[in-house]
Amino acid sequence: MAENPLLARHREALDLFTERVHTIRPDQWDDPTPCTEWTVRDLVNHLAVEQMWVPPLVREGASVADQSDELEGDLLGEDPVATWDVVAAAARDAFREPGALDRMVDLSYGESPATNYCAQMTADAAVHAWDLSRAIGADERIPKPLVDFSVREVAPYAADLEETGLFAAPVEPPRGADAQARLLALLGREP
């Protein structure tokens with residue numbers, strides 16, 4: 001049976017971020033990232049906490065409000081790489097359960113189809129893989145299928161992201177920019 005295209009992109013995004021997490025040297029965890037005021041550890045923690053939300057929201061029908069106190073702060077523990085591996089696998093498994101993508105999830109802005117939630121998580125992991133790559137000096141290339149997917153995902157609401165306070169204002173991409181550079185510029189990053 002062919003893999004669901006959304007789940008394929010989600011897997012690829014998590015695999016890309018996981019690959020980058022596994023290349024972080026011990027002396028890089030406190031290094032800055034393109035995400036203003038975030039260190040490498042802060043960035044990995046952000047993505048890890050996002051993955052921790054997935055099982056309760058998708059499997060149990062919990063709401064963001066139900067989980068907010070439990071999923072605050074630095075939750076990476078003593079072995080951040082191992083923590084990432086565990087939470088990424090749990091999120092992947094939750095989205096892959098039969099019927100998971102047919103559900104609704106209760107997010108901070110209200111109910112949303114699980115497919116939309118998975119798509120947002122996919123684009124976020126792909127772009128943050130670039131942030132992490134830039135911070136640690138790793139290969140910054142995002143695979144083209146993930147770039148194309150992420151552009152389609154974020155383009156309709158990119159202009160509103162700055163208002164959340166979580167994203168910088170879009171920047172003008174360099175002349176002749178490729179799709180990845182245009183995606184990064186759309187999300188306020190200097191490619």
Handout entry: Smallest separation among heavy atoms of Arg41 and Pro80, with atom names
Key = NH1-CG, 3.7 Å

Handout entry: salt bridge (charged side-chain N to carboxylate O under 4.0 Å, His left out) against Asp178, all qualifying residues, sequence neighbours excluded
Key = Arg141

Problem - All pairs passing ring-ring contact (aromatic ring centres under 6.0 Å, His included) where residues 83-104 contributes a residue, at least two apart - result: His10-Phe95, Phe17-Trp84, Phe95-Tyr117

Problem - Which atom of Leu101 lies closest to which atom of Cys118, heavy atoms considered - result: CD2-CB, 4.1 Å

Handout entry: Gly73 backbone acceptor or donor facing Asn45 side chain under 3.5 Å
Key = yes

Exercise for the section: Identify whether Trp53 and Val86 are in the same connected component of the hydrophobic contact network (ILVMFWY, side-chain heavy atoms under 4.5 Å). Expected result: no

Practice task
Measure the shortest side-chain to side-chain distance between Ser112 and Met104 over non-hydrogen atoms and say whether it is less than 4.5 angstrom.
Solution key: no

Handout entry: 4.5 Å side-chain heavy-atom contact, Ile24 and Val44
Key = yes

Fill in the blank from the handout: Output for pair (Glu172 CD, Glu190 CD), nearest 0.5 Å, gives 10.5 Å

Handout entry: Arg103 side-chain N/O to Gly61 backbone N/O, donor-acceptor pair under 3.5 Å
Key = no

Completion exercise
In this structure, CZ of Arg9 is separated from CD of Glu3 (nearest 0.5 Å) by 8.0 Å

Exercise for the section: Would you check if Leu183 and Val127 make a side-chain contact, meaning some heavy-atom pair closer than 4.5 Å? Expected result: yes

Exercise for the section: Taking atom CD of Glu37 as the centre, report whether more than 12 heavy atoms of other residues, nucleotides or ligands fall under 6.0 Å from it. Expected result: no

Practice task
Would you confirm whether Arg20, through its side chain, and Ser133, through its main-chain N or O, come within 3.5 Å as a donor-acceptor pair?
Solution key: no

Completion exercise
Taking every heavy atom of Ser63 against every heavy atom of Leu57, the minimum-distance pair comes out as C-CD2, 3.7 Å

Problem - Short side-chain to backbone donor-acceptor contact, Asp74 and Asp42, under 3.5 Å - result: no

Handout entry: Derivation and outcome, side-chain contact (heavy atoms from CB on, under 4.5 Å), residues Arg182 and Leu186
Key = CA-CA 6 Å; Arg182 288 192 307 273; Leu186 191 63; over 6 Å; no

Problem - Test item: Gln120 and Leu107 side chains (from C-beta on) under 4.5 Å apart, heavy atoms - result: yes

Exercise for the section: Check whether any side-chain heavy atom of Trp130 sits under 4.5 Å from a side-chain heavy atom of Pro34, and report yes or no. Expected result: yes

Exercise for the section: Run the numbers on Thr83 and Leu75 for side-chain contact (heavy atoms from CB on, under 4.5 Å), then give the verdict. Expected result: CA-CA 8 Å; Thr83 299; Leu75 301 179; 6.0 Å; no

Practice task
Return the orientation label for the His46 and His128 ring planes: parallel under 30°, perpendicular over 60°, tilted otherwise.
Solution key: perpendicular

Fill in the blank from the handout: To the nearest 0.5 Å, atom CD1 of Ile136 lies from atom OG1 of Thr23 at 3.0 Å

Problem - Presence of salt bridge, Arg92 and Asp15, under 4.0 angstrom - result: yes

Problem - Check: Ala135 main-chain N/O paired with Thr33 side-chain donor or acceptor under 3.5 Å - result: no

Problem - Short side-chain to backbone donor-acceptor contact, Gln180 and Glu140, under 3.5 Å - result: yes

Problem - Within-4.5 Å side-chain heavy-atom neighbours: Pro145 and Glu12 - result: yes

Practice task
Would you give the length of the straight line joining atom CG of Leu146 to atom CZ of Arg11, rounded to the nearest 0.5 angstrom?
Solution key: 9.5 Å

Exercise for the section: State plainly whether one hydrophobic cluster holds both Leu187 and Val171, where clusters connect Ile, Leu, Val, Met, Phe, Trp and Tyr through side-chain heavy atoms under 4.5 angstrom apart. Expected result: no

Exercise for the section: Would you check if the side chain of Glu153 reaches a backbone N or O of Ala123 as a donor-acceptor pair within less than 3.5 Å? Expected result: no

Completion exercise
So OG1 of Thr122 and CG of Leu14: to nearest 0.5 Å the spacing works out to 7.0 Å

Practice task
Give the minimum heavy-atom separation between Ala62 and Asp106, together with the two atoms involved.
Solution key: O-CB, 4.1 Å

Completion exercise
To the nearest 0.5 Å, atom CG of Asn116 lies from atom CD of Glu111 at 12.0 Å

Practice task
Check step by step if side-chain contact (heavy atoms from CB on, under 4.5 Å) holds for Leu47 and Asp124.
Solution key: CA-CA 8 Å; Leu47 259 285; Asp124 198 50; 4.2 Å; yes

Practice task
Grab the two heavy atoms, one from Leu76 and one from Ala48, that are nearest each other, plus how far apart they are.
Solution key: CD2-CB, 3.7 Å

Practice task
Could you pull out the closest heavy-atom pair between Ala90 and Arg59, with the gap in Å?
Solution key: O-NH2, 4.2 Å

